[in-house]
Amino acid sequence: MKTALTLIITLITLAWGWDVLVAGTPSGGAALWVLRQEALYLSGLLSIALMSVAMFLATRPTWLEAPLGGMDRVYRTHKWAAILACVFAALHWLIEMSSDILKAIIGREGRVPKENFGGFIEVLRDLAEDLGEWAIYALLAMLAISLWRRFPYRVWRFLHRAMPVLYLMLAFHALLLAPTGYWTQPVGVLLAVLIAGGVYGSVLALGGRIGRSRQVRGSVVALDHPAADVLAVRCRLDAGWPGHRPGQFAFVSFDDSEGQHPFTIASADRGDGEISFQIKALGDYTRQLARRLAVGQPVRIEGPYGRFDIARQQLDAQQIWIAGGIGVTPFLAWLEAQQARPADAPAADLHYCTRDRDGDPFVARLQALSAQLPGIRLYVHSARQGQQLGAEELAAAHDRARPAEVWFCGPQGLADSLRKDLHELWQGRLRFHQEAFVMR
């Protein structure tokens, strides 16, 4: 994610710099006014470029799963591209407002002359300027709402639908107000390509066509409560489901008015069109789900997505699998998929972290599945019994001279502490895979 966004920011900055180098700065302008003008251009370019990337990534392009590391990473890149776009938009607005300060400091003399067009083009430019200003205000409000995690998801989702419209307003603003000289320079080509991608994403979003080709309808065939805060849902899908690899996830909609939510598929693919989910009550939506669902209820599944896939394991590396709480679901699918050919199952240490093993519904299931796979060694770490999993414990049980591969699905805090310490203990000979489902 960081690499992709850094590359985009670097390309835009270099393209802007090339234009400054080739075309030069406006003649006759005072240094501070010229600096303000170029900073205004650069901040605007970075804002619309990153917003264009965010809008394109919202279309869930599956061809980017491999280079970015999975659809969860695609969505995280989408999120941070949008946040950075808002930051640069705020900077762009502040630079625009700085003209009054410069007038007070050095006066109006030396201001960079504006391009004059006249006629209908000038009317459009005035409109683009007004639309851009109002869109930036709305964008900053959306940023505050998105970062406020306690804000109700349903309201946030409704407001989020306005983003394609805001983007089109900003794209209109950028196209009309960009210097005409840009369109004969690399910066203009790059800007045009990015805006084309953003407009494509906006049109798909407004038409409700994002992910449409990967959606399959079905119905709920079974509901169960393995624990008070866990709902097990089994669905039978209509023809068209392409099947899934163990560890992948899908966007699930039990009610079109609620929108889609990502859940890991907790069962192996048997080729019968049935998939199951283990859904933990973690937020407003999942807490109410048990009361709303009924057998026979229609469901819409989009996917599968993700690269939390056992087939991608590094063959010469020690396998360390770590699950925390409901993060056990992809590993259940992994173990279930290996039951048909247990001799071919990889050798791995599976560590399951739970609050209380005695009341945990997944412990018995893990034990039963692991018992049939000679290469799997299961360790249950129960917080109530004082069993905390740490990096030192993991390192002591493995050969740090050999490369290791960690597959992690669980709380972010545990992931952060383990990743840092394990990388230090293995001194760069460890790969850490993690699925990230916080997409808001």
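Each residue takes its place number in the sequence, starting with 1.
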W334 vs F308, test: ring pair (Phe, Tyr, Trp, His ring centres under 6.0 Å). Steps then yes/no.
CA-CA 10 Å; W334 282 13; F308 201 82; 5.4 Å; yes
So F331 and F408, ring pair (Phe, Tyr, Trp, His ring centres under 6.0 Å) or not? Walk me through it.
CA-CA 10 Å; F331 298 104; F408 179 94; 8.6 Å; no
One pair to check against side-chain hydrogen bond (donor to acceptor under 3.5 Å, both in side chains): E133 and W93. What are the steps and the verdict?
CA-CA 8 Å; E133 183 177 355; W93 178 81; 4.7 Å; no
Apply salt bridge (charged side-chain N to carboxylate O under 4.0 Å, His left out) to R36 and E96, showing your working.
CA-CA 8 Å; R36 171 189 174 274; E96 173 65 27; 3.6 Å; yes
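Note that CE of M51 is 4.0 Å distant from CG of L139, once rounded to the nearest 0.5 Å. Interatomic distance, CD1 of I301 versus CD of Q215, reported as 10.0 Å (0.5 Å rounding). Atom CG of L5 is separated from atom CZ of R76 by 11.0 Å, given to the nearest 0.5 angstrom. Atoms CD and CG, from E405 and D316 in turn, are 9.0 Å apart once rounded to the nearest 0.5 Å. Summarising the geometry, atom CD1 belonging to I322 is positioned 10.0 Å from atom CD belonging to Q434; distances are rounded to the nearest 0.5 Å. A distance of 9.5 Å separates CD1 of I83 from NE2 of H78, quoted to the nearest 0.5 Å.
The main-chain N or O of F88 is never found under 3.5 Å from a side-chain atom of S47 such that the two would form a donor-acceptor pair. Using modelled atom types, no side-chain atom of H381 and backbone atom of R355 make a donor-acceptor pair closer than 3.5 Å. For Q297 (side chain) and F254 (main-chain N/O), a donor-acceptor pair under 3.5 Å exists by modelled atom type. Side chain of S98 to main chain of I95: a donor-acceptor pair is present (N/O by atom type, distance under 3.5 Å, no hydrogens or angles). In this structure, E65 contributes its side chain and M71 its backbone to a donor-acceptor pair below 3.5 Å. No donor-acceptor pair under 3.5 Å is formed between the side chain of T264 and the backbone N or O of F249. Without hydrogens or angle criteria, R209 side chain to A205 main chain gives no donor-acceptor distance under 3.5 Å. Side-chain atoms of Q248 come within 3.5 Å of backbone N or O of G306 as a donor-acceptor pair.
Few gaps surround CZ on R312; more than 12 heavy atoms of other groups in view lie less than 6.0 Å from it. Other residues, nucleotides and ligands contribute only 12 or fewer heavy atoms inside 6.0 Å of the OH atom of Y200. Heavy-atom neighbours of W183 CH2 from other residues, nucleotides or ligands within 6.0 Å: above the threshold of 12. Atom CZ of R431 has more than 12 neighbouring heavy atoms from other residues, nucleotides or ligands inside a 6.0 Å radius. Shown here is R125, whose CZ atom has more than 12 heavy atoms of other residues, nucleotides or ligands within 6.0 Å.
Between Q319 and D349, the closest side-chain pair of non-hydrogen atoms is not below 4.5 Å. Between E38 and L42, the closest side-chain pair of non-hydrogen atoms is not below 4.5 Å. Contact of the V299 side chain with the R217 side chain is not registered, since no non-hydrogen atoms from C-beta on lie closer than 4.5 Å. Residues L176 and F172 are in side-chain contact: their nearest non-hydrogen atoms beyond the backbone lie under 4.5 Å apart.
Nearest heavy atom pair, residue V221 against residue V295, reads O-CG1, 3.8 Å. Residues I320 and A404 approach most closely at CD1-CB, 4.3 Å, considering heavy atoms. The two residues V74 and P61 come nearest to each other via the heavy atoms CG1-CD, 4.4 Å.
Applying the side-chain hydrogen bond (donor to acceptor under 3.5 Å, both in side chains) definition to pairs two or more places apart or across chains, those involving residues 218-230 are D229-K280. Residue pairs meeting the side-chain hydrogen bond (donor to acceptor under 3.5 Å, both in side chains) criterion with at least one partner in residues 164-177, sequence neighbours excluded, are S52-Y167.
The existence of a salt bridge linking K420 and E424 is confirmed by a sub-4.0 Å separation between a basic side-chain nitrogen and an acidic carboxylate oxygen. Of the charged side-chain nitrogens involved, at least one lies within less than 4.0 Å of a carboxylate oxygen, so that E302 and R60 count as a salt-bridged pair.
Classification of the F251-Y75 ring pair by plane angle, with boundaries at 30° and 60°, yields tilted.
A cation-pi arrangement is found for R214 relative to Y305, the charged atom lying closer than 6.0 Å to the ring centre and inside a 45° cone about the ring normal.
Separation of the H261 and Y285 ring centroids falls under the 6.0 Å cut-off.
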